[in-house]
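A quick write-up on the structure given underneath.
Small disclaimer: the values here were computed from a predicted structure and weren't measured.
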Amino acid sequence: TFLLAWQLMRDVVRPVKALTEATRRVAAGDFRVVPQTRRRDEIGQLGDAFRTMTRDLSESRQELISRNEELSALNSLAATVNRSLNLDEVVTNAITRVMELTRAETGCVMLGNPDGQTLRLIAGADPAGIFHCAQAADAAAGCACHRGLRQGQTLLVNHPSRCPALPKGTGSADETGGFVCIPLKSKDRTLGVMNIAGSSNEYFTETGFRILNSVGYQVGLAIENCILYEEARESEEVRGRLLSRIINTQEDERRRISLE
């Protein structure tokens, strides 16, 4: 009887108690400890099913956390870039906020010139001059910024050999952990690129790239709005000057007629 009770305790009660404890810990949000068993009976099958369920729950939870972080970052960025329609202010606020969100140490925004082939530096925090690229104005350049502008894809540049504009031997890319070149897109147009660099590799992952792609669209749309607003303002100024000129001409004509 004693041996039967001991065997029952070892084979049934202890595994069930272990699964019960594991269930309690999973319910509390701890997915790290799952009881291991090599049994082939019903209890072993129950343990295998529990491990599969726990793994799936952990992955779903992590995906949900990543999505929430992504939405939070994008909402924060949208609130920042939509405060103004002044291009310089929007670009400066955008790169500042993105650097805060990604904990980047260096960053810049380059916009395409009207020729659609060359770039100009608009704003950024670049004390080491990493992104002061002499090839920005060269339409034939093969640097990461031009590739990002032409291809419209986020690029990871983690070694000077991948960016001709970054001289070898500076160690800049190695010190920052590399940099990401993000196209700034509005619909099917690429308006420029945003470069961010830092020692953290958190945003150099698949999830990070997804967030950065969304950031590129957010900032690109804000820049497009600024450009359209500026074009509308200039058109309104031209129309106002033409209207004023017509009115002055009419007044001059009326005075001339009255004198006759």
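Side chain of Ser235 to backbone of Glu231: a donor-acceptor contact under 3.5 angstrom is found. Using modelled atom types, one side-chain atom of Ser258 and one backbone atom of Arg255 make a donor-acceptor pair closer than 3.5 Å.
A side chain to side chain contact (heavy atoms under 4.5 Å, CB included) with Cys226 is found for one member of Asn86, Leu87, Asp88 and no other, namely Leu87. For the side chain to side chain contact (heavy atoms under 4.5 Å, CB included) test with Leu184, the passing option among Val219, Val215, Val193 is Val219; the others fail.
Note that CD of Glu224 is 13.5 Å distant from NZ of Lys185, once rounded to the nearest 0.5 Å. Going from atom CG of Asn213 over to atom OH of Tyr217 covers 7.0 Å, rounded to the nearest 0.5 Å. Taking CG from Leu243 and CD1 from Ile247, the interatomic distance works out to 4.0 Å, rounded to the nearest 0.5 Å. Atoms CZ and OG1, from Arg97 and Thr102 in turn, are 10.0 Å apart once rounded to the nearest 0.5 Å. Here the straight-line distance linking atom OG1 of Thr80 with atom CG of Leu101 works out to 7.5 Å at 0.5 Å rounding. Atom SG in Cys108 sits 9.5 Å away from atom CG in Leu119 (nearest 0.5 Å).
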Checking side-chain contact (heavy atoms from CB on, under 4.5 Å) for the pair Ile196/Leu212: CA distance, chi angles, key distance, verdict? CA-CA 10 Å; Ile196 58 169; Leu212 294 177; 3.9 Å; yes

Could you walk me through whether Arg233 and Glu236 satisfy the salt bridge (charged side-chain N to carboxylate O under 4.0 Å, His left out) test, starting with their C-alpha distance in whole Å, then the side-chain angles of each, then the deciding distance to 0.1 Å, before giving a yes or no? CA-CA 5 Å; Arg233 188 183 65 81; Glu236 185 64 24; over 6 Å; no

Should Asp56 and Glu59 be marked as a side-chain contact (heavy atoms from CB on, under 4.5 Å) after you check the CA-CA gap, both sets of side-chain angles, and the distance that decides it? CA-CA 5 Å; Asp56 293 343; Glu59 292 175 355; 4.2 Å; yes

Test side-chain contact (heavy atoms from CB on, under 4.5 Å) on Ser58 and Arg55; report intermediate values, then the result. CA-CA 5 Å; Ser58 179; Arg55 184 183 66 248; 5.7 Å; no

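Heavy-atom minimum distance, Leu155 versus Gly148: CD1-N, 3.7 Å. Taking all atoms of both residues into account, the shortest heavy-atom contact from Ala123 to Val91 is CB-CG1, 3.7 Å. For the pair Leu149 and Leu191, the tightest heavy-atom approach, listed with the atom from each and the gap, is CD1-C, 4.4 Å. Across Thr190 and Gly152, no two heavy atoms sit closer than the pair OG1-CA, 3.8 Å. Smallest separation of non-hydrogen atoms from Val109 and Ile95: CG2-CB, 4.0 Å. Scanning both residues, Met110 and Cys145, for their nearest heavy atoms gives SD-SG, 4.0 Å.
At a threshold of 4.5 Å between side-chain heavy atoms, the hydrophobic network of Ile, Leu, Val, Met, Phe, Trp and Tyr places Met99 and Phe209 in one connected group. Both Leu156 and Ile211 belong to a single network of hydrophobic side chains, linked directly or stepwise wherever heavy atoms of I, L, V, M, F, W or Y lie under 4.5 Å apart. Put simply, Ile223 and Leu221 are part of two different groups of oily side chains (I, L, V, M, F, W, Y) that touch within less than 4.5 Å, one to the next. Under a hydrophobic-cluster definition in which Ile, Leu, Val, Met, Phe, Trp and Tyr are linked whenever side-chain heavy atoms come within less than 4.5 Å, directly or via other members, Ile227 and Val90 are assigned to the same cluster.
Residue Arg150 places its CZ atom among more than 12 non-hydrogen atoms of other residues, nucleotides or ligands, all under 6.0 Å distant. Residue-environment remark: CZ (Arg245) stays at or below the threshold of 12 foreign heavy atoms within 6.0 Å. Atom CZ of Arg120 has more than 12 heavy atoms from other residues, nucleotides or ligands within 6.0 Å.
Between the side chains of Asn113 and Thr118, at least one donor N or O sits under 3.5 Å from an acceptor N or O.
The closest side-chain heavy-atom distance from Thr154 to Pro183 is below 4.5 Å. In this structure, the side chains of Arg24 and Thr20 stay at 4.5 Å or more apart for every pair of heavy atoms.
Using a 4.0 Å cut-off between charged nitrogen and carboxylate oxygen, Glu253 and Arg256 count as a salt-bridge pair.
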